[in-house]
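Notes for the one structure printed next.
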Amino acid sequence: MSTRIAFLKGHGTENDFVIVPDPENAIDLPPAAVAALCDRRAGIGGDGLLHVVRSAAHPEAEGMAAEAEWFMDYRNGDGSVAEMCGNGVRVFARYLQRAGHVTEGDLAVATRGGVKTVHIAKDGDVTVGMGRAVLPEGDVTVSVGERSWPARNVNMGNPHAVAFVDDLSHAGDLLSPPPFSPAAAYPDGVNVEFVVDRGPGHVALRVHERGSGETRSCGTGACAVAVAAARRDGADPTATGAPATYTVDVPGGTLVITERPDGEIEMTGPAVIVAEGEIDADWLETATSA
């Protein structure tokens, strides 16, 4: 390993990421290293890490290499592996554009949640095809303190529990994962969204992301919320043949989510690269072994 490792910092609606370009998958990034890099005081700081690898060079993605040249090896801020991150995909695509690997228009990105279609628009917004939502059967409840709410179980390649509340303050501080039941509904933990209405087709959320705590935005969470809101409002595009679009306010900005009649969900929003530099490998080794 060289003594310095290139990195960038980016965000999508203030869901922020450390970006580590590593086309040939040559950099070892164990959970402790990821957690050290994402530490907001002792490291670079981020909700997660985007490890940029060619699909053919990564054992988890080589089977997708014919469809997508690049694999988003996404990690949560605590170093754990995650299936998908919607805001992360947009920032990942923005990095590929900045690095000259892609241009405006369409591209495909491999993720642990499958291959995602991405469109980089001339106005700067990035649209991601997020796939279809899965709505598992069974009642779910989430709690904060003495309050409890029924929640909609929505899977967007990663698990979500969507609770509609009267006030976003009812979500509490979201420092710890909100309790949920039954435990069997989410054996590997869950992202929990608390949602209020802002108007027709317009909602706002706060979210506790599994492995990261409260974040300023969650792309898959915004999609899960839009689907849950549509079903609550009696809209199912696969049944009606009419798309359902929701504006979703997150603490860091606004996303627009459309569920198409074929069930596919599209998310549109900004993606920004704010800085680039080098990681000192000796520091990283020390931080990882501490």
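Taking Thr254 as the reference, Asp249 meet the side-chain hydrogen bond (donor to acceptor under 3.5 Å, both in side chains) condition, with sequence neighbours excluded. Scanning for ring-ring contact (aromatic ring centres under 6.0 Å, His included) contacts around His58 gives Phe71, with sequence neighbours left out. Not counting sequence neighbours, the partners of Asp73 by the side-chain hydrogen bond (donor to acceptor under 3.5 Å, both in side chains) test are His51, Arg75, Arg112. Under the side chain to side chain contact (heavy atoms under 4.5 Å, CB included) criterion, Ala82 pairs with Tyr74, Asn76, not counting sequence neighbours. For the ring-ring contact (aromatic ring centres under 6.0 Å, His included) test, no residue two or more places apart in sequence or in another chain qualifies with Tyr95. Listed by chain and residue number, nothing satisfies the ring-ring contact (aromatic ring centres under 6.0 Å, His included) test with Tyr246 (two or more places apart in sequence, or in another chain). Under the side-chain hydrogen bond (donor to acceptor under 3.5 Å, both in side chains) criterion, His208 pairs with no residue at all, not counting sequence neighbours. Remark: Tyr186 engages Phe180 in a ring-ring contact (aromatic ring centres under 6.0 Å, His included) (not counting sequence neighbours).
Using modelled atom types, no side-chain atom of Asn153 and backbone atom of Pro136 make a donor-acceptor pair closer than 3.5 Å. Put simply, the side chain of Ser55 gets close to the backbone of Ala68: a donor and an acceptor are under 3.5 Å apart. Put simply, the side chain of Thr240 gets close to the backbone of Ala242: a donor and an acceptor are under 3.5 Å apart. Remark: side-chain polar atoms of Asn191 are paired, donor with acceptor, to backbone N or O of Pro159 under 3.5 angstrom.
A side-chain donor from one of Thr215 and Glu209 sits under 3.5 Å from a side-chain acceptor of the other. For the residue pair Asn15 and Thr13, no side-chain donor N or O sits within less than 3.5 Å of a side-chain acceptor on the partner.
For residues 36-45, the salt bridge (Lys or Arg N to Asp or Glu O under 4.0 Å) pairs, not counting sequence neighbours, are Asp16-Arg40, Arg40-Asp47. Annotation: side chain to side chain donor-acceptor pair (under 3.5 Å) contacts involving residues 62-72, sequence neighbours excluded, comprise Arg54-Glu69. Applying the salt bridge (Lys or Arg N to Asp or Glu O under 4.0 Å) rule to pairs touching residues 211-233 yields Glu14-Arg216, Asp197-Arg232, Arg206-Glu214, Arg231-Asp236, Arg231-Glu259, sequence neighbours excluded. Listed by first and then second residue, the salt bridge (Lys or Arg N to Asp or Glu O under 4.0 Å) pairs involving residues 116-142 are Arg132-Glu264 (not counting sequence neighbours).
Taking the side chain as every heavy atom from C-beta outward, Val144 and Val142 never approach each other to under 4.5 Å. Under the 4.5 Å side-chain criterion, counting only non-hydrogen atoms from C-beta, Val203 is in contact with Val225. Contact check for Val250 versus Leu205: side-chain heavy atoms found under the 4.5 Å cut-off. Considering only heavy atoms from C-beta on, Met130 stays 4.5 Å or farther from Glu266 through its side chain. Side-chain atoms of Val207 and Val192, non-hydrogen and from C-beta on, never get closer than 4.5 Å to each other. Contact of the Glu83 side chain with the Thr111 side chain is not registered, since no non-hydrogen atoms from C-beta on lie closer than 4.5 Å. In this structure, the side chains of Val20 and Leu50 stay at 4.5 Å or more apart for every pair of heavy atoms. Proximity of Ile120 to Val102: side-chain heavy atoms (C-beta onward) are separated by under 4.5 Å at one or more points.
For the atom pair OG1 (Thr258) and CD1 (Ile265), the distance works out to 10.0 Å, reported to the nearest 0.5 Å.
In the hydrophobic clustering of ILVMFWY residues, with side-chain heavy atoms under 4.5 Å counting as a link, Val53 and Met64 come out apart. Taken together through direct or relayed side-chain contacts under 4.5 Å among Ile, Leu, Val, Met, Phe, Trp and Tyr, Val140 and Met156 form parts of separate hydrophobic clusters.
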